[in-house]
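One structure is given here, and the rest of the page talks about it.
In what follows, chains carry the letters A, B, and so on, assigned in the order in which the sequence lines appear, proteins first and then strands, with residues in each chain numbered from 1. As the structure is a prediction and not an experimental result, all values here were calculated from the model. Computed over heavy atoms, backbone and side chain alike; hydrogens, waters and symmetry mates excluded.
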2 protein chains.
Amino acid sequence: MATRLSDVAARAGVSVKTVSNVINDYPHITARTRAKVEAAIAALDYKPNVSARSLRKGRSDFIALAIPEMGSPYFAELGAAISRAAKRRGITVLIDQTEGESAAERFVLDGMRGQLIDGIIFSPLATAPAKLTSADTGKPLVLLGERPAGGQFDRVAVDSVQASYDATTHLISLGRHRIAAIGVGGTGTGAVRRKGYRKALKAAGMAHDPVLELAGTGYHRLDGAASMRELLALPEPPDAVFCFNDLLALGALRTLADAGLRVPDDVAVVGFDDIEDGRYHSPSLTTVSPDKEWLADNAVALLLDRIAGNGGSTHRDLTVPYTLEIRESTGG
Amino acid sequence: MATRLSDVAARAGVSVKTVSNVINDYPHITARTRAKVEAAIAALDYKPNVSARSLRKGRSDFIALAIPEMGSPYFAELGAAISRAAKRRGITVLIDQTEGESAAERFVLDGMRGQLIDGIIFSPLATAPAKLTSADTGKPLVLLGERPAGGQFDRVAVDSVQASYDATTHLISLGRHRIAAIGVGGTGTGAVRRKGYRKALKAAGMAHDPVLELAGTGYHRLDGAASMRELLALPEPPDAVFCFNDLLALGALRTLADAGLRVPDDVAVVGFDDIEDGRYHSPSLTTVSPDKEWLADNAVALLLDRIAGNGGSTHRDLTVPYTLEIRESTGG
DNA sequence: CTGAAAGCGCTTACAG
DNA sequence: CTGAAAGCGCTTACAG
């Protein structure tokens, strides 16, 4: 049998209430009592039973992080940062892979894992965030990433339109004239980043060419490689490509290398996310670099604040700082 | 107040025992009773409280996966696979980043999180596995990766000596004469893979040259790039490099590209792990490819079997199948 | 500060 | 199959 609170109390010669007070850092405990209790805890190697505690308190100090896939570098790096940020606050993160499936996303929102978790940080892919209503989840929820107008949850995200505008403008400033986009489509990331892309073209007096906007089926290297092949098969191939994430860009670079084209001389490439692979690739990848630590820290803080009952009915929206990291793939 | 078991029982007109029986799939329930109960569960949107359940049963159906860092692609891919394998069995995985720190590893082994988890899958870095004793952890534990002789836990790992032997032999078969190794050092991975490397050299009648064995400070791209720079500064640089993981190899490839050297013509490169980055890199990376799905599935199965009380005092040791994937970095 | 006691929501012998 | 009840290990009013 594991040692219990009452064993500690007996050994320290105090009541269970006092032991509980010590563990939970309540005030009004004399240093002498505290020392006695701590000695007993150490002697018995006592560890509180978290199931009992959370059953009683109705709080578990667990939060869920629901992401499409943790094998994907951006989400892996983000998950690592969020785990660290939560741990600093005494919170444990359960990571759930939805694999972009509606059913799995629904499951998470359904208050997954019974009543175990206190709240959810949710990076949606299949579920259009606009369709979420607070009835879908009894739990506090913080949304990561794009959200169409009218959302009703707290959110932390980069200004994807502005960042995409900056990325495209960088390509224009290099004197490129046929600038393609890989990763358009859908109502989320693809739509929002295309908006910034088109806006930059328009600002420069350039028309957007639908033939240069590639949708693909996903956001992996495979998709980027395939889209780039399509672009190269065009009568007039592009001289620059803005890929809506780094994985697409790395796939595109692979296709360009296979085709014997020089980067950035023949084709300049920009990505989005700043995953570590891109920094070490040859050529290194120019990319939009969101501050992931900032994102993680603020997403956790926002959720905990909401769990604590703050925030009321306002839907807070935090904008993640970013920089455009200019590297070899655009001549940097 | 959330709906409870007793609410469901009241609505279905049965006892709580019967509801519990339905939920836990006990036999001897008529189809009619089951249907009544399930209708009530659906109508009330009832979800069992896992804290209460695990408090009562003494089992949580949670296991911990302790890895050095989830931002690292190999561990991210492994974590994803283990999460999936566990979910198939109704088990939830808590992922813990130890960041290779002794204290954090110790914390995990200490039966982390109170009595929440039922067992641990542990990929050690700082803690020499040989030093572990079963007294360190009250929980069933499965070790991942290298283990010096004398370990006393169940383990799942590739035969690193043999795999390193194969990788090095492949380089020898290409006619290379100065074959370097990056990632030697320590008592774990570095030591074991060096053993296979030296063994292959010896089998081919070649002497190993200490000057060609680079230790570095870690297993990241940064370390691989730095080690490769050291090798290129040698009076007689190598014509082939066996890197003890893919990240090191990708860093080395970056240095080679910067130096204007051709791969594999000037220097052939082999990695270990088969992470996705290597497959898409230019040149694509020849590497030892462990079957990660097999590893994940068997690690989870082994742990659950141990949790169920099986296995006795035998220390089971499972060997993960692998292949050598020959790609462009060695001319494949 | 202490002590005795209730109760969080389950599962599980127990008697029928 | 059912029903009444105990108990998992905590936290928290409550009375002192």
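- We find that CG of B:Asn49 is positioned 17 Å from P of D:dG9, with the value rounded to whole Å.
- Base contact: A:Lys17 has a heavy atom under 4.0 Å from a base atom.
- For B:Arg4, counting side-chain heavy atoms from C-beta on, the closest listed nucleotide (D:dG9, C:dT11, C:dG9) is C:dG9.
- The residue among A:Val16 and B:Lys36 whose nearest nucleotide of DNA chain D lies closer to the 5′ end is B:Lys36.
- Distances were taken from every side-chain heavy atom of A:Lys57 (C-beta onward) to each of C:dC8, D:dT12, C:dC10; the shortest belongs to D:dT12.
- Here the options are A:Val142, A:Asp154, A:Asn298, the test is side-chain contact (heavy atoms from CB on, under 4.5 Å), and the partner is A:Arg316; only A:Asp154 passes.
- Residues A:Arg306 and A:Gly312 share a closest heavy-atom pair of NH1-O, 2.5 Å.
- B:Arg59 is linked by a salt bridge (charged side-chain N to carboxylate O under 4.0 Å, His left out) to B:Asp61, B:Asp118, counting only residues two or more places apart in sequence or in another chain.
- Here the side chain of A:Ser15 is nearest to one of D:dC10, C:dG9, C:dG3, namely C:dG3.
- C:dT12 and C:dG16 have their P atoms separated by 22 Å, given to the nearest Å.
- Taking atom CG of residue B:Leu5 and atom P of nucleotide D:dA4, one finds them 15 Å apart after rounding to whole Å.
- Base pairing analysis places C:dG3 opposite D:dC14; the two distances defining the Watson-Crick or G-U wobble pair are each below 3.5 Å.
- The side chain of A:Arg53 has D:dT11 as its nearest neighbour among D:dT11, D:dG9, C:dC10.
- Counting to the nearest Å, the P atom of C:dG9 and the CG atom of B:Leu44 are 14 Å from each other.
- Among the heavy atoms of the strands, none lies under 4.0 Å from B:Ser6.
- Rounded to a whole Å, the CG atom of A:Asp7 is 10 Å from the C1' atom of D:dG9.
- What you find for B:Leu5 and B:Val16 is that their closest heavy atoms are CD2-O, 4.2 Å.
- Atom-to-atom, CZ of A:Arg56 to C1' of D:dG7 comes out at 16 Å; the value is rounded to the nearest Å.
- Put simply, A:Ser20 has a side-chain N or O that comes within less than 4.0 Å of OP1 or OP2 on D:dT11.
- Between the CG atom of A:Leu55 and the P atom of C:dT11 there is a distance of 12 Å, rounded to whole Å.
- In this structure, B:Lys47 atom NZ and C:dC8 atom P are separated by 20 Å, rounded to whole Å.
- Residues B:Ala157 and B:Gly145 approach most closely at CB-O, 3.5 Å, considering heavy atoms.
- When each of B:Ile23 and A:Gly13 is assigned the nucleotide of DNA chain C with its nearest heavy atom, A:Gly13 is the one assigned upstream, toward the 5' end.
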